[in-house]
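Okay, structure first, notes after.
Order of appearance sets the numbers: ligands from 1, and atoms from 1 within every ligand. When a residue number appears, it is its place in the shown sequence, counting from 1.
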Amino acid sequence: MPGPNHRSLLADLTLEEKASLVSGSGFWHTRSIDRVGLPAILVSDGPHGLRVQPGDGDHVGLGDSIPATCFPTASALGSSFDVDLVRSVGAAIGGEARALGVSVVLGPGINLKRTPLCGRNFEYLSEDPLVSGLLGAALVDGIQSQGVGACLKHFAVNNQETERLRISARVDDRTLREMYLAAFERVVRTAAPWTVMCSYNRINGVYASEDPWLLTGVLRDEWGFDGLVVSDWGAVDDPVAAVAAGLDLEMPSSHGAGPRAVLAAVQDGGLDESVLDVAVGHLLGLLDRAVPGVGTSQAFDVDSHHDLARRAAAECVVLLTNDGPLLPLGDDLGRVAVIGEFARSPRFQGAGSSKVNPTRVDDALGALRALLGPSVTVDFAPGFGVDDPAADLDRLAAEAVETAVGADVAVLFLGLPPSFESEGFDRTHIDLPAEQVRLLEAVAAVNDRIVVVLANGGVVSTAPWQHHAGAIVEGWLGGQAGGSAMADVLVGKVNPSGRLAETVPLRLEDTPAFPNFPGEDGEVLYGERIFVGYRHYDLVGGEVAFPFGHGLSYTTFEYSDLDVAVVDPVAEPVVELGVESGVPTSDWRGPVRLRVTVDVTNTGEREGKEVVQLYLSELDAPPPRPVRQLRGFDKVSLAPGGSATVTFELCERDLSRWSVRTGGWLLHPGSFEVAIGASSRDIRAQRTVEVVGEPPAPPLDRSSTMADWLSHPVGHDLLVEGLRTAPGGDLSLLLADEDTVMMLGSFPLNRLVTMMGDAMGDGFVEALLGQLSIAGAGSAD
Ligand code: BGC
């Protein structure tokens with residue numbers, strides 16, 4: 001049966017009606033137009049569960065919401081490194097959306113974690129664009145498999161909460177393309193989200209909501225996005241500029257202000273009606289996709305979604321250290337001291353627009369008691385209050401110490417109280433509350449078998465206290481079943497397999513954005529450029545508390561037989577993945593250049609999962625270049641003694657970098673190192689291979705340097721010949737002397753000509769450029 005065709009209604013709408021559609025209705029609906037039978041649809045947060053407000057919501061959209069499953073937050077899901085799992089979480093959220101009448105889920109959020117201080121890091125996946133892109137695409141895919149749309153947010157460069165509605169991120173093109181846009185590009189090209197949400201902030205001075213380069217040039221023309229662009233809630237500053245730039249829908253409703261401005265602009269000729277038609281066409285296209293799903297599903301299965309939330313949360317847990325090993329806790333233990341209010345009152349999600357009203361909440365204390373059984377005594381002491389100024393900390397600490405005395409092991413549930421991190425503000429430090437560290441010290445003084453379990457959205461420093469803990473387990477904000485999932489891991493029912501999707505630094509001062517964050521006078525400089533997260537620590541050789549990609553297991557893995565095949569370099573010459581060439585979406589990564597296989601074996605006694613990580617290094621390309629960059633990962637499940645061969649295919653794009661000069665992706669041929677690691681700092685096998693091809697030739701113009709000419713495949717010979725036949729005698733001899741070439745190489749040729757006067761003669765550079773053009777090698781002039 002053909003679906004609805006709202007698009008065909010465009011011609012029937014009056015100008016006033018079309019203008020009315022650029023803004024929503026209330027907080028969560030698009031506008032309907034009864035006259036032509038145009039329905040409204042409901043959108044809802046997002047991202048790790050649904051926050052559907054009854055009716056039309058309250059005036060700030062933050063009041064109570066209908067119960068829904070609270071899945072692990074993105075900072076947890078990122079650590080799963082598990083594309084299939086994340087897709088199934090997306091599918092469950094999509095299913096709940098269907099059941100609750102929601103047509104578009106406002107998520108996932110895939111902004112990079114530029115700094116651990118971002119108050120909203122719990123809503124984001126990783127410091128690495130590949131992890132964010134692959135897992136972001138899996139979430140979109142899962143949500144949309146249920147016939148509801150995803151909304152990829154916040155596009156783009158929304159990496160802090162301080163001044164988030166106005167701040168201008170000053171960031172260069174290479175950094176934008178390789179880091180901040182890369183994850184969005186992957187998700188848009190591979191998962192085709194129905195909608196994209198533009199961010200609040202400005203990028204290089206221009207609001208994302210009114211940036212034609214971002215919303216039309218990059219998103220639609222280059223990446224082929226064909227869905228709807230919606231503003232973040234309240235992000236539109238100038239509604240006419242927004243529509244002109246490619247924003248289709250302002251949310252929430254601006255109570256007629258946006259539509260009135262757009263109508264007036266069309267009427268007085270400031271905005272072409274065809275531009276408005278494009279925006280309305282995108283809204284009608286969204287209705288074509290969404291309306292068939294509205295009202296067609298049954299209630300969701302609360303129990304099975306809770307079980308999925310538990311499984312997912314357990315997959316996200318990262319075992320940071322495990323001396324002894326202290327974990328897993330066995331049922332041979334006599335008495336376990338469980339300390340910390342979070343064991344009883346879990347912190348499992350962050351605050352702000354993503355806050356879900358959970359269908360139920362599991363606490364780790366109850367789950368541990370159930371799993372350890374009656375033979376193990378589990379004693380509890382809260383140890384501290386969470387955001388409770390009235391808590392008698394000395395008394396709570398004393399009780400906790402008493403509980404820990406003589407216990408076989410003390411498990412401390414520490415973490416960040418809600419007041420420490422939220423949407424809307426950034427953190428000022430990365431430390432645990434001082435009273436929790438004091439508590440740990442006091443407990444450690446009476447018991448030397450200490451397990452610390454962490455609950456936090458953004459990373460916390462471990463260096464000040466980690467020597468007190470034999471085992472440290474990072475549980476993130478694990479959603480409504482995070483407590484029982486943590487118990488599953490602590491007792492070994494689940495073997496931990498999460499890996500850090502962001503580096504845990506030793507000190508805040510070591511972090512790459514530290515000198516520039518959060519900016520001043522309305523502007524924040526992205527001075528660290530592409531060196532975000534591990535790219536920075538590796539570049540400066542800095543020590544970290546725990547590296548990107550790190551995470552232990554209750555079993556061990558070995559790697560062998562790394563093989564790297566360079567694929568047909570002659571038959572498939574290096575191509576420029578230009579932007580103007582309109583590379584079709586399916587080919588956006590170019591041809592396969594390297595095929596990598598490696599065997600991984602479970603050498604321990606338990607079934608477990610390993611995250612095999614592939615890092616690539618350009619060895620010959622000019623700096624600045626990261627020491628290594630993640631270019632693939634795969635999570636494999638292995639029985640004891642079992643092994644598997646993992647294969648990665650790296651395409652042209654994976655080997656390329658953004659060239660500001662050419663405005664496209666360029667591969668610098670030469671040596672590349674392929675490294676397979678269990679973390680970014682635990683490389684288990686590596687190979688160096690040669691990738692052949694013509695080195696990228698910079699376009700030559702009047703001010704190109706002598707070195708530019710000498711490195712150009714055609715320009716080189718033209719220059720040599722020009723120097724040989726120079727009016728003042730053979731100057732090509734200059735090139736025989738390496739020191740002279742080194743010294744003069746950086747001189748623009750036109751300035752050398754001026755300096756050398758008659759020896760080179762007037763018009764020397766122009767003549768060379770002319771010959772270059774005749775040779776078909778072009779020139780930029
Ligand atoms: C947030 C978005 C959210 C929207 C609707 C905004 O303040 O930045 O992520 O989807 O509100 O609640």
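- Salt bridge Lys18/Asp277: present, at least one basic N to carboxylate O contact under 4.0 Å.
- A donor-acceptor pair under 3.5 Å is absent between the side-chain atoms of Glu185 and the main chain of Trp223, judged by distance alone.
- Geometrically, ligand 1 and Trp233 share no nitrogen or oxygen pair separated by less than 3.5 Å.
- Polar contact with ligand 1: absent for Glu123 (N/O pair, distance under 3.5 Å).
- In summary, the atoms of ligand 1 found under 4.0 Å from a heavy atom of Lys153, numbered by their order in the structure, are 2 (C), 3 (C), 9 (O), 10 (O).
- Screening residues 128-141 for side chain to side chain donor-acceptor pair (under 3.5 Å), with sequence neighbours left out, gives Arg87-Asp141, Asp128-Tyr534, Asp128-Arg535.
- Each of the following atoms of ligand 1 lies closer than 4.0 Å to a heavy atom of Met197: 10 (O).
- Ring centers of Phe348 and His48: at least 6.0 Å apart, outside the cut-off.
- Residue contacts with ligand 1, taken as heavy atom pairs separated by less than 4.0 Å, involve Arg164 solely via side-chain atoms from C-beta onward.
- The atoms of ligand 1 that sit less than 4.0 Å from any heavy atom of Leu106 are 10 (O).
- Residue Phe27 places no heavy atom under 4.0 Å from ligand 1.
- Annotation for ligand 1: atoms under 4.0 Å from non-hydrogen atoms of Trp28 are 5 (C), 12 (O).
- Using a 4.0 Å cut-off to heavy atoms of Glu423, the atoms of ligand 1 that qualify are 1 (C), 6 (C), 7 (O), 8 (O).
- For the pair Arg289 and Asp226, the salt-bridge criterion is met [side-chain N within less than 4.0 Å of a carboxylate O].
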Show me the side-chain donor-acceptor pairs of residues 91-100 shorter than 3.5 Å, one per line, residues at least two apart or across chains.
from: Glu96; atom 1: OE1; to: Thr69; atom 2: N; distance (Å): 3.0
from: Glu96; atom 1: OE2; to: Thr69; atom 2: OG1; distance (Å): 2.4
from: Glu96; atom 1: OE2; to: His305; atom 2: ND1; distance (Å): 2.7
from: Arg98; atom 1: NE; to: Gly293; atom 2: O; distance (Å): 3.1
from: Arg98; atom 1: NE; to: Thr296; atom 2: OG1; distance (Å): 3.2
from: Arg98; atom 1: NH1; to: Gln146; atom 2: O; distance (Å): 2.6
from: Arg98; atom 1: NH2; to: Thr296; atom 2: OG1; distance (Å): 2.4

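- Atoms of ligand 1 lying under 4.0 Å from at least one heavy atom of Arg51, given by number and element, are 12 (O).
- Between Tyr180 and Tyr526, the distance separating the two ring centers is shorter than 6.0 angstrom.
- At a heavy-atom distance under 4.0 Å, no atom of Glu161 approaches ligand 1.
- Between Arg114 and Glu127 there is no salt bridge, since no side-chain N of the basic residue sits under 4.0 Å from a carboxylate O of the acidic one.
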